[in-house]
Amino acid sequence: MRDFADRAAAAAKIAAANADEVDKAARFPREAFAAIRSRRLLAIMLPSAEGGESATVGEIAEICYLLGGACASSAMIFAMHQIQVACLLRHGGDDTWYGELKQRIAREQLLFAGSTTDAAGGGDIRSSTSAVAASAGQLELSKEAAVMSYGAEADGILVVTRRSAEGPPSDQVAVMLVKSDYSLEKTAEWDALGMRGTCSASYQLRARGGSCQILPAPFAAVHQMTMLPIAHILWSSVWLGIAADALERARRHARASGAGKGTGTGSRTTRDIGSIMILRAAVARAIERYERASPQELLSFGFQAEMNLLKVSVSDGAVQATHAALRSCGLAGYRNDTEFSVGRHLRDVCSAPLMIGNDRILAGASASAALLDLNARLFK
Ligand SMILES: Cc1cc2nc3c(=O)[nH]c(=O)nc-3n(C[C@H](O)[C@H](O)[C@H](O)COP(=O)(O)OP(=O)(O)OC[C@H]3O[C@@H](n4cnc5c(N)ncnc54)[C@H](O)[C@@H]3O)c2cc1C
């Protein structure tokens, strides 16, 4: 009997109780992560044989959604960690180093961060300026990590970088590092509009390790098969969780103020609840597609375009619904000190269209989107 929902609900309660404080101080949500760790939720995606609980992507997405409504920063950190674990799981290779790492993640409930963004490339994940140097079984790496969430709190980092200093920026690899492999020098603080508890500061990262820690698959495959779909599914779940909680506050406000006489809900809120239901169904379909897809399907243009468009639609839809919740709550939502406050929700969810910019995604996805057959059957 799997009790992820109960364990996640208990952690979400603690996350919610500390969310305002975390936001105000722009600090790591330590209470939430103590609760997540003590409920052993960090390694649930790993197979049972490796100390995990073989949780499905759908089960993880459900936890992201639940946490999203409680504390968006906690939810996003949880989602980002799971993305790194998913990459490790599918692409980690046979070296005993990876087997031991998975056992450690399960036993010690290690938390992993990800460093894709570098100083020059902005949101272009498929291009790196830094490069790893590997020889005689050892690696050396230095990277200006322009944005790295919870870097200082993490027990390890999955770093995306160029395969070699001589290679083109697009010939990338992913390198798995544990804390003892690297040092981080903070180069800029994270004082942002929202998602303040993710502590997404800038760092100079310097690392040494074994060359086996370079994932054997090219990063192009890691990104297409795992990082992109899992990120877009889990981030979407977080953003929908934020919007759903804001709409729930709007619904309660409408009931309390009698604005939605007869239905108990204002009409604007009702329409936006409808939009969120549709976006939730889109995420559920994406999860089903991901879990059933063969490696060839994962790499197909059609699948990549669908996952990209999911991210764009959900991020925009979640912002719109959260903004609608604010308008519905009026001043009670705008103030930071009422039970209907949605200011934090709105500030947090505003990160969604920027986290890999929607304009960048749309520009890159337009060629593959053109291949999508809109005349295909509705159900296939
Ligand atoms: C809360 C949060 C947490 C994050 N955590 C991490 C992390 O842990 N690790 C990490 O590596 N990164 C992280 N990031 C960074 C993130 O992954 C992106 O790299 C970053 O959001 C992109 O920043 P940018 O807008 O400056 O870059 P860009 O993508 O360069 O965009 C700059 C502007 O140009 C526009 N633009 C870009 N390309 C095009 C185009 N082709 N056509 C039209 N317009 C275009 C964009 O829309 C945007 O307005 C995080 C970001 C956020 C918001």
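These numbers come from a predicted model, not from an experiment. We number each residue from 1, following the sequence as shown. Each ligand, and each atom within it, is numbered from 1 in the order the structure gives.
- Any N or O atom pair closer than 3.5 Å counts here, and Val147 shares at least one such pair with ligand 1.
- Remark: ligand 1 atoms within the under-4.0 Å shell around heavy atoms of Ser115 are 11 (O).
- The minimum heavy-atom distance between Ala15 and Ser74, with the atom names listed, is CB-OG, 4.1 Å.
- Taking every heavy atom of Ser200 and a limit of under 4.0 angstrom, the matching atoms of ligand 1 come to 3 (C).
- Using modelled atom types, one finds a donor on one side chain and an acceptor on the other under 3.5 Å when comparing Gln204 with Ser142.
- Salt bridge annotation for Asp155-Arg104: absent, with no cationic side-chain nitrogen under 4.0 angstrom from a carboxylate oxygen.
- Between Thr117 and ligand 1, at least one N/O pair is under 3.5 Å apart.
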Going by atom type alone, with no hydrogens or angles, which donor-acceptor pairs under 3.5 Å involve a side-chain atom of residues 238-245 and a protein atom two or more places apart or on another chain?
{"from": "Asp245", "atom 1": "OD2", "to": "Arg249", "atom 2": "NE", "distance (Å)": "3.1"}
{"from": "Asp245", "atom 1": "OD2", "to": "His345", "atom 2": "NE2", "distance (Å)": "2.7"}

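- Comment: Lys24 does not engage Glu21 in a salt bridge, judged by the lack of any side-chain N to carboxylate O separation of less than 4.0 angstrom.
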request  = Would you sort out whether Thr161 and Ser128 count as a side chain to side chain donor-acceptor pair (under 3.5 Å), showing the intermediate values?
outcome  = CA-CA 5 Å; Thr161 187; Ser128 295; 5.3 Å; no
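- At a 4.0 Å heavy-atom cut-off, ligand 1 does not touch Met76 at all.
- When non-hydrogen atoms are compared, ligand 1 lies under 4.0 Å from the backbone of Arg360 as well as from its side chain.
- Near Ala363, the atoms of ligand 1 lying under 4.0 angstrom from a non-hydrogen atom of the residue are 40 (C), 41 (N), 42 (N).
- The N/O atoms of Ser149, backbone and side chain alike, include one that comes under 3.5 Å of an N/O atom in ligand 1.
- Residue-ligand proximity, Ile356 to ligand 1, at heavy-atom distances under 4.0 Å covers atoms 17 (O), 18 (C), 21 (O).
- The side-chain contact (heavy atoms from CB on, under 4.5 Å) test applied to Val312 returns Asp316, Asn358, Ile361, Leu362, not counting sequence neighbours.
- For the residue pair Arg126/Gln172, the side-chain donor-acceptor check at 3.5 Å is satisfied.
- Interface atoms of ligand 1 facing Leu354, defined by a heavy-atom separation under 4.0 Å, are 20 (C), 21 (O), 22 (C).
- Salt bridge annotation for Asp118-Lys143: absent, with no cationic side-chain nitrogen under 4.0 angstrom from a carboxylate oxygen.
- Polar contact check, Asn358 against ligand 1: no nitrogen or oxygen pair lies under 3.5 Å apart.
- Near Gly114, meaning under 4.0 Å from any of its heavy atoms, are these atoms of ligand 1: 7 (C), 8 (O), 9 (N), 10 (C), 11 (O).
- Numbered from 1 in the order shown, with element, the atoms of ligand 1 that lie under 4.0 Å from a heavy atom of Met355 read 2 (C), 3 (C), 4 (C), 21 (O), 51 (C), 52 (C), 53 (C).
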